[in-house]
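Written out below as structure tokens is the structure these notes cover.
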Amino acid sequence: MKKFELDINLRILQVVAAVPKGKVATYGDIAQKAGMARAARRVGQALRGLPKNTKIPWHRVVNAQGRISLTEGSAPHNIQRHRLEKEGVLFNTNGALDLHRYRWCHENSS
DNA sequence: TACTTGACAGCAT
DNA sequence: AATGCTGCCAAGT
């Protein structure tokens with residue numbers, strides 16, 4: 001059996017699902033919170049296997065540059081940006097969003 | 001079985 | 001600022 005792999009994906013998905021609406025997180029953040037500090041790529045792979053109708057808010061995950069890592073002009077990229085904008089996340093002319101503003105900081109208010 | 005690729009990120013040059 | 005290397009881990013060729 002796969003042992004870990006399943007569990008890892010599950011953890012990643014849980015972390016992604018924990019990102020509040022209107023906020024974003026980087027692959028590195030997700031990886032770290034999932035317990036794999038430098039396995040940012042693993043996060044992308046986990047998200048990559050998600051079905052289109054998944055409930056996981058994968059669109060809230062962007063790269064360290066605050067940009068959508070998917071190929072620009074591609075459908076998924078377009079979808080991600082659209083969803084983020086719909087949640088109030090604004091993009092610069094550069095095609096990037098302000099991580100300093102939207103990044104899901106490890107705040108534990110309350 | 002070995003090498004390459006990929007929704008990344010951090011550091012060195 | 002731009003480019004290259006390394007680490008990380010799974011999947012594809």
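Residue numbering restarts at 1 for every chain, and letters A, B, ... go by the order of the sequence lines.
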With the criterion being N/O to N/O and under 3.5 Å, what pairs connect the protein with nucleotides 5-9 of chain C, and how long is each?
residue	atom	partner	partner atom	Å
C:dG7	O6	A:Arg41	NH1	2.7
C:dG7	N2	A:Arg38	O	3.4
C:dC8	N3	A:Arg41	NH1	3.3
C:dC8	N4	A:Arg41	NH1	3.2
C:dC9	O2	A:Gln45	OE1	3.3

Point to revise | Side-chain (A:Asn92) to main-chain (A:Asn94) donor-acceptor, under 3.5 angstrom | key: no
Point to revise | A:Gln80 side-chain N/O to A:Val61 backbone N/O, donor-acceptor pair under 3.5 Å | key: yes
Exercise for review: Pick the C1' atom in C:dA2 and in B:dA7, then give their distance to the nearest Å.
Suggested key: 23 Å
Point to revise | C:dT6 and B:dC3, which share atom name P, separated by this distance in whole Å | key: 16 Å
Rounded interatomic separation in angstrom, taking [atom1] from [X] and [atom2] from [N]:
X       : N     : atom1 : atom2 : answer
A:Asn78 : B:dA7 : CG    : P     : 17 Å
A:Leu84 : B:dA7 : CG    : P     : 18 Å
A:Leu47 : B:dG6 : CG    : C1'   : 13 Å
A:Ile79 : B:dA7 : CD1   : C1'   : 13 Å
A:Leu13 : B:dA7 : CG    : P     : 18 Å
A:Asn63 : B:dG6 : CG    : C1'   : 14 Å
A:Trp58 : B:dA7 : CH2   : P     : 13 Å
A:Asp29 : B:dA7 : CG    : P     : 20 Å

Check your understanding: Any donor-acceptor pair under 3.5 Å between the side chain of A:Tyr27 and the base of B:dA7?
Key -> yes
Revision key, fill the gap. Taking every heavy atom of A:Ile30 against every heavy atom of A:Ala25, the minimum-distance pair comes out as CD1-CB, 3.8 Å
Salt-bridge present ([X], [Y]; N to O < 4.0 Å):
X        : Y       : answer
A:Arg67  : A:Glu72 : no
A:Arg103 : A:Asp29 : yes
A:Arg83  : A:Glu87 : no

Review point. Can the positive tip of A:Arg41 be found less than 6.0 Å from the middle of the six-membered ring of A:Tyr27, inside 45° of the ring normal?
Key: no
Practice item. Pick base, sugar-phosphate or nothing for A:Thr71, based on heavy-atom distances below 4.0 Å to the nucleic acid. Key: nothing
